[in-house]
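Okay, structure first, notes after.
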Amino acid sequence: MSGLLIIGAGGLGKVIAEIAMLLGKWDRIAFLDDRVDLKEVMGFPVIGKLTELDSYKDDYNSAFVAIGNNKTRLLWLQLVGISGFNIPTLIHPLSIVSKFSSIGEGAAVMAGAVINAHATIGKGCIVNTCASIDHDCTLEDGIHVSPGARVSGTVNIGRCSWVCVGSSIANDIRIGSHVIIAAGAAVVQDVPDNVMVAGVPAILKREIAAGK
Ligand SMILES: CC(=O)SCCNC(=O)CCNC(=O)[C@H](O)C(C)(C)COP(=O)(O)OP(=O)(O)OC[C@H]1O[C@@H](n2cnc3c(N)ncnc32)[C@H](O)[C@@H]1OP(=O)(O)O
């Protein structure tokens with residue numbers, strides 16, 4: 001047994017802590033969070049700030065980044081790797097994940113999610129509650145597929161994109177990097193990099209400045 005440090009004690013951190021608890025692989029779980037007043041979440045201690053990461057390496061050999069912002073999550077994932085922590089993949093026991101799929105380090109699959117055969121999920125991705133990723137999809141690093149979103153077969157999604165709650169993507173579609181697909185959208189054609197699309201069918205709503 002060993003220790004798991006969860007980076008970020010917000011909503012995502014809580015869900016991650018519960019999955020880690022259910023998996024039973026760690027004998028202690030703690031958070032790092034920059035809110036000075038926060039001392040405990042769900043019975044797990046908040047033991048320090050994010051910048052203090054390195055000082056906890058002796059007591060916690062694994063770390064998981066639970067930061068909602070996709071770019072920030074990937075950045076911290078890189079830092080956690082450089083610091084030499086093990087980076088687990090956290091899969092809720094009540095999700096359905098094909099043995100023919102692959103899921104990158106630092107990614108999480110929440111309760112009720114389904115990942116079908118030959119889907120590839122990148123590092124630091126979040127497949128949230130009851131979302132589905134169908135066969136032959138490729139999700140690059142740092143993507144968040146929000147609760148109840150549906151990604152049909154053979155869809156490619158670029159780095160750090162956000163598929164918002166309840167949206168759907170038709171099969172054989174390419175979604176660019178740093179894209180936001182708004183809540184409830186139905187995407188039926190390819191989407192370029194750095195845009196927000198919304199509606200049924202989804203149309204371009206605005207551009208997103210590169211790097212945002
Ligand atoms: C466990 C969890 O909680 S995980 C988190 C889950 N959360 C989500 O999935 C977030 C869902 N949020 C949304 O969908 C939001 O609307 C966002 C993030 C897309 C808003 O993005 P923004 O770029 O800030 O959109 P903004 O408010 O500037 O709106 C831009 C335009 O898009 C429209 N728009 C925004 N969202 C939607 C939508 N879901 N459907 C249709 N149109 C929309 C706006 O009305 C506006 O239209 P207009 O230019 O014609 O007036």
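Both counts, for ligands and for their atoms, begin at 1 and track the order of listing. If you read the sequence from its start, that first residue is 1, and numbering goes on from there. Everything numeric in this text was worked out from a predicted model, so none of it was measured.
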Contact bool for [atom] (protein heavy atom, d < 4.0 Å):
| atom | answer |
| --- | --- |
| atom 45 (O) of ligand 1 | no |
| atom 51 (O) of ligand 1 | no |
| atom 32 (O) of ligand 1 | yes |
| atom 7 (N) of ligand 1 | yes |
| atom 27 (O) of ligand 1 | no |
| atom 3 (O) of ligand 1 | no |
| atom 19 (C) of ligand 1 | yes |

Discussion item. Counting non-hydrogen protein atoms only, what is the nearest one to atom 21 (O) of ligand 1? Give residue, atom name and distance.
Written reply: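 Of the protein heavy atoms, Met196 CE, 3.8 Å lies nearest.
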
Item to complete: Distance to 0.1 Å, residue and atom name: give those for the protein heavy atom nearest to atom 14 (O) of ligand 1.
Response: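 Going atom by atom, the protein heavy atom closest to atom 14 (O) of ligand 1 ends up being Ala183 N, 2.8 Å.
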
Discussion item. What I want to know is whether Asn128 and ligand 1 share at least one N or O pair that is separated by under 3.5 angstrom.
Written reply: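 In this structure, Asn128 places no N or O atom under 3.5 Å from an N or O of ligand 1.
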
Worksheet entry | ligand 1 to Val165 polar contact by distance, N or O atoms, under 3.5 Å | yes

Item to complete: Examine Ile143 and Ile91 and state if one hydrophobic cluster contains both, with Ile, Leu, Val, Met, Phe, Trp and Tyr joined whenever side-chain heavy atoms are less than 4.5 Å apart.
Response: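 Linked, Ile143 and Ile91 end up in one cluster.
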
Item to complete: Decide whether Leu79 and Leu4 are clustered together by the hydrophobic rule: side chain heavy atoms of Ile, Leu, Val, Met, Phe, Trp, Tyr closer than 4.5 Å, transitively.
Response: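 No, Leu79 does not connect to Leu4 through the hydrophobic network.
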
Discussion item. Using 30° and 60° as the class boundaries, would you call the ring planes of Phe44 and Phe31 parallel, tilted or perpendicular?
Written reply: perpendicular

Practice prompt. Would you indicate which of Pro147, Ala198, Ser146, Cys164 comes nearest to atom 42 (N) of ligand 1 when only heavy atoms are counted?
Written response: Ala198

Practice prompt. Tell me which one of Met110, His144, Lys205 gets a heavy atom nearest to atom 48 (P) of ligand 1.
Written response: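 Nearest option to atom 48 (P) of ligand 1, by heavy atoms: Lys205.
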
Quick check: does any side chain N or O of [X] sit under 3.5 Å from a backbone N or O of [Y], one acting as donor and the other as acceptor?
| X | Y | answer |
| --- | --- | --- |
| Asn194 | Glu207 | no |
| Asn61 | Ser2 | no |
| Asp141 | Gly122 | no |
| Ser161 | Ile180 | no |

Discussion item. Does either side chain, that of His178 or that of Asp193, offer a donor lying less than 3.5 Å from an acceptor on the other one?
Written reply: no

Item to complete: State, without any angle test, whether Asn171 and Thr154 hold a side-chain donor-acceptor pair at a distance under 3.5 Å.
Response: no

Can you name the atoms of ligand 1, numbered from 1 with element, that are less than 4.0 Å from a heavy atom of [X]?
| X | answer |
| --- | --- |
| Trp162 | 7 (N), 8 (C), 9 (O), 10 (C), 18 (C) |
| Ala182 | 14 (O), 19 (C), 36 (N), 37 (C), 38 (C), 39 (N) |
| Arg206 | 22 (P), 23 (O) |

Item to complete: Could you identify which residues cluster with Val200, counting Ile, Leu, Val, Met, Phe, Trp and Tyr as linked when any side-chain heavy atoms lie under 4.5 Å apart, either directly or through a chain of such contacts?
Response: none

